[in-house]
Amino acid sequence: MKILRDRILKDGKCYEGGILKVDKFINHQMDPNLMKAIAVEFIRRYASTEINKIITIEASGIAPAIMMGFLLDLPVVFAKKKKPSTMDNMLSTRVFSFTKQREYHVVISKDYLTPNDKVLFVDDFLAYGNAAKGIIDLCRQAGAELVGMGFIIEKAFQHGREVIEKEGIRCESLAIIDSLDNCQIKIRE
């Protein structure tokens with residue numbers, strides 16, 4: 001996806017330890033036109049897949065998920081990183097955040113993830129696959145069918161795709177970063 005690739009090279013910042021900062025246009029300040037283009041590309045890639053719900057984990061996956069839900073006229077559900085005092089009847093799992101270097105107890109209501117659901121997971125980054133593992137676990141607990149996972153940016157050198165594909169789940173990434181060595185952003189053509 002050329003528009004995304006160009007934006008990463010123009011505005012992305014690399015930090016030691018394999019961190020790519022894209023907060024200028026994806027996960028702090030957002031570019032709505034880019035988010036729409038991202039949603040349209042995910043929709044194109046999953047056009048032949050039956051989906052009745054979009055799912056993500058708060059917070060950075062919400063924007064692309066909402067845009068897809070809007071364009072497809074589908075509900076969007078996000079797993080919460082803190083259990084609200086008003087939530088009962090929930091599913092829960094643990095997810096380790098590479099960027100924040102901490103573990104989250106992620107929850108979702110059984111009312112919004114059910115055995116009748118065919119869900120597509122959307123998120124900003126695929127690194128080690130920790131968020132993906134959490135969503136796979138929640139979908140299994142719910143009996144929902146996880147039809148695919150879509151990531152805006154994949155850091156291929158952290159091998160998260162292998163975790164997903166080992167589970168037999170389709171994985172699509174719009175920009176694949178092969179290396180951030182020496183803080184040089186190398187994007188796959």
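- Linking ILVMFWY side-chain heavy atoms closer than 4.5 Å, directly or via other members, places Ile177 and Tyr128 in two distinct hydrophobic clusters.
- Within the structure, every pair that satisfies the salt bridge (Lys or Arg N to Asp or Glu O under 4.0 Å) test and touches residues 53-68, not counting sequence neighbours, is listed here: Lys53-Asp117.
- Annotation: side chain to side chain donor-acceptor pair (under 3.5 Å) contacts of Lys166 (sequence neighbours excluded): none.
- Of the possible polar contacts, none joining the Thr56 side chain to the Ala65 backbone as a donor-acceptor pair under 3.5 Å is found.
- Partners of Lys10 by salt bridge (Lys or Arg N to Asp or Glu O under 4.0 Å), not counting sequence neighbours: none found.
- Under the 4.5 Å side-chain heavy-atom criterion for ILVMFWY residues, a single connected hydrophobic cluster contains both Leu71 and Ile62.
- Within the 4.5 Å cutoff, no side-chain heavy atoms of Met35 are placed close to those of Ile66.
- Under 4.0 Å is where a charged nitrogen must lie from a carboxylate oxygen, and between Lys133 and Asp137 no such pair does.
- Take Arg45 and apply the salt bridge (Lys or Arg N to Asp or Glu O under 4.0 Å) test, not counting sequence neighbours, and it matches Glu41, Glu172.
- Qualifying salt bridge (Lys or Arg N to Asp or Glu O under 4.0 Å) partners for Lys118, counting only residues two or more places apart in sequence or in other chains: Glu145.
- Between Leu72 and Ile54, the shortest heavy-atom distance links the atoms CD1-CD1, 4.3 Å.
- The shortest side-chain heavy-atom distance between Ile187 and Ile176 does not fall under the 4.5 Å cut-off.
- Hydrophobic cluster of Val77: the remaining members, joined at side-chain heavy-atom separations below 4.5 Å, are Ile55, Ile57, Leu91, Val95, Tyr104, Val106, Ile108, Tyr112, Leu113, Val119, Phe121, Leu126, Ile135, Ile136, Leu138, Leu146, Met149, Phe151, Ile164, Ile169, listed by chain and number.
- Residues passing the side-chain contact (heavy atoms from CB on, under 4.5 Å) test with Ser92 are His105, Val107, sequence neighbours excluded.
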Hey, can you pull the donor-acceptor pairs under 3.5 Å for the side chains in residues 14-29, sequence neighbours left out?
unit_1 : atom_1 : unit_2 : atom_2 : d
Asn27  : OD1    : Asp23  : N      : 3.4
Asn27  : ND2    : Asp124 : OD2    : 3.2
Gln29  : NE2    : Lys24  : O      : 3.0

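- For Asn89, the side chain to side chain donor-acceptor pair (under 3.5 Å) partners at least two apart in sequence or on another chain are Asp111.
- Put simply, the side chain of Phe125 does not reach to within 4.5 Å of the side chain of Ile152, judged on heavy atoms.
- Asp178 pairs in a side-chain hydrogen bond (donor to acceptor under 3.5 Å, both in side chains) with only one of the listed residues (Lys186, Lys155, Arg188), which is Arg188.
- Under the salt bridge (Lys or Arg N to Asp or Glu O under 4.0 Å) criterion, Glu154 pairs with Arg161, not counting sequence neighbours.
- Judged as a side chain to side chain donor-acceptor pair (under 3.5 Å), and not counting sequence neighbours, Glu103 has no contacts.
- Taking Glu189 as the reference, Arg5 meet the side chain to side chain donor-acceptor pair (under 3.5 Å) condition, with sequence neighbours excluded.
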